[in-house]
**Student:** 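Quick one: this structure, given as structure tokens, is what I'll be asking you about.
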Amino acid sequence: MKHTLILSVFAIFILITTIISRSFRVEKIPNGNKFMCANCHTNPGGGGERNAFGKAVESRVTPGGFQDFWDSQLASLDSDGDGFSNGLELQDPEGKWRPGQPNPGNSSQVSNPGDPNSIPNISSINSSSIENYYKLFDNYPNPFNPSTRISFAIPVNEKVTLHIFDINGSLIKTLVNDNLSPGTYEILWNGKDENNNDVTSGVYIYQLKAGYFNQSKKMVLIR
């Protein structure tokens with residue numbers, strides 16, 4: 001009887017400890033209460049092996065530590081590789097939310113940053129949030145002769161294309177068609193087409209596609 005009582009007390013202690021360990025980091029990420037510990041663990045109920053998002057969190061805290069870890073850098077990562085950054089999935093694209101503040105965005109639109117099968121509804125993502133994360137900069141110089149530089153920034157690993165079109169929509173040159181890592185890039189266009197021929201003076205369109213981001217801008221070539 002005594003041993004049974006001791007085992008029962010021990011089991012209760014373990015249960016309480018587990019509940020506490022599962023809860024305190026949930027409050028460290030925006031809308032963490034939506035998926036609770038499954039945000040960081042492969043087990044849907046929490047616990048067990050950490051998923052990719054959980055490993056990113058683990059790298060930012062000491063073992064058992066209570067540090068705040070959510071920031072713009074963690075928000076910019078696409079931990080589960082589903083094409084959406086952690087910030088977009090948790091309704092805080094820029095990573096500005098801090099523990100203790102009201103949860104941002106709409107909790108019904110939150111997806112799990114550690115589960116590639118859990119993705120946000122693209123129609124629910126504010127286009128300005130995506131544009132705050134991706135950047136297509138104005139080319140420089142503009143107008144130009146004979147060359148100009150086009151810069152852009154992406155927040156996650158993904159397929160990127162950068163095309164040049166004439167004013168009628170005909171493809172002139174493909175400058176980028178590759179999988180790129182997060183970062184800022186600068187590409188030189190020398191005013192030549194795919195056959196390395198000089199194009200004529202006029203208005204041209206450069207278009208960046210990266211994930212769900214699609215933006216175009218105009219530039220002027222003067223020979």
**Student:** So, Lys159 versus Asn177: side-chain donor-acceptor pair below 3.5 Å or not?
**Tutor:** yes
**Student:** Under 4.0 Å between a Lys/Arg side-chain N and an Asp/Glu carboxylate O for Lys173 and Asp193?
**Tutor:** no
**Student:** Output yes when a side-chain donor or acceptor of Ser59 lies under 3.5 Å from a complementary backbone atom of Ala56, and no otherwise.
**Tutor:** yes
**Student:** Is it true that Ser72 and Glu94 share a donor-acceptor pair across their side chains at a distance under 3.5 Å?
**Tutor:** no
**Student:** Taking only residues two or more places apart in sequence or in another chain, which ones pass side chain to side chain donor-acceptor pair (under 3.5 Å) with Asn179?
**Tutor:** none
**Student:** Using modelled atom types and a 3.5 Å cut-off, is there a donor and acceptor pairing between side-chain atoms of Asn168 and backbone atoms of Ser170?
**Tutor:** no
**Student:** Spell out, as yes or no, whether a donor-acceptor pair under 3.5 Å connects the side chain of Asn139 to the backbone of Pro141.
**Tutor:** yes
**Student:** Testing Phe213, Phe152, Tyr185 for side-chain contact (heavy atoms from CB on, under 4.5 Å) with Val160, which one passes?
**Tutor:** Phe152
**Student:** What do you reckon, are the aromatic ring centroids of Trp189 and Tyr206 less than 6.0 Å apart?
**Tutor:** no
**Student:** Give a yes or no on this: more than 12 heavy atoms of other residues, nucleotides or ligands lie within 6.0 Å of atom NZ of Lys192.
**Tutor:** yes
**Student:** Less than 4.5 Å apart, any side-chain heavy atom of Leu208 and any of Asn214?
**Tutor:** no
**Student:** Should Leu136 and Lys217 count as side-chain neighbours, where that means a heavy-atom distance under 4.5 Å?
**Tutor:** yes
**Student:** So, using ring-ring contact (aromatic ring centres under 6.0 Å, His included) as the criterion, who are the partners of Phe69 when residues are at least two apart?
**Tutor:** none
**Student:** Closer than 4.0 angstrom, basic N to acidic O: yes or no for Asp68 and Arg98?
**Tutor:** no
**Student:** Using a 6.0 Å cut-off, check whether atom CZ of Phe137 has over 12 heavy atoms from anything other than its own residue.
**Tutor:** yes
**Student:** Using modelled atom types and a 3.5 Å cut-off, is there a donor and acceptor pairing between side-chain atoms of Ser151 and backbone atoms of Glu186?
**Tutor:** no
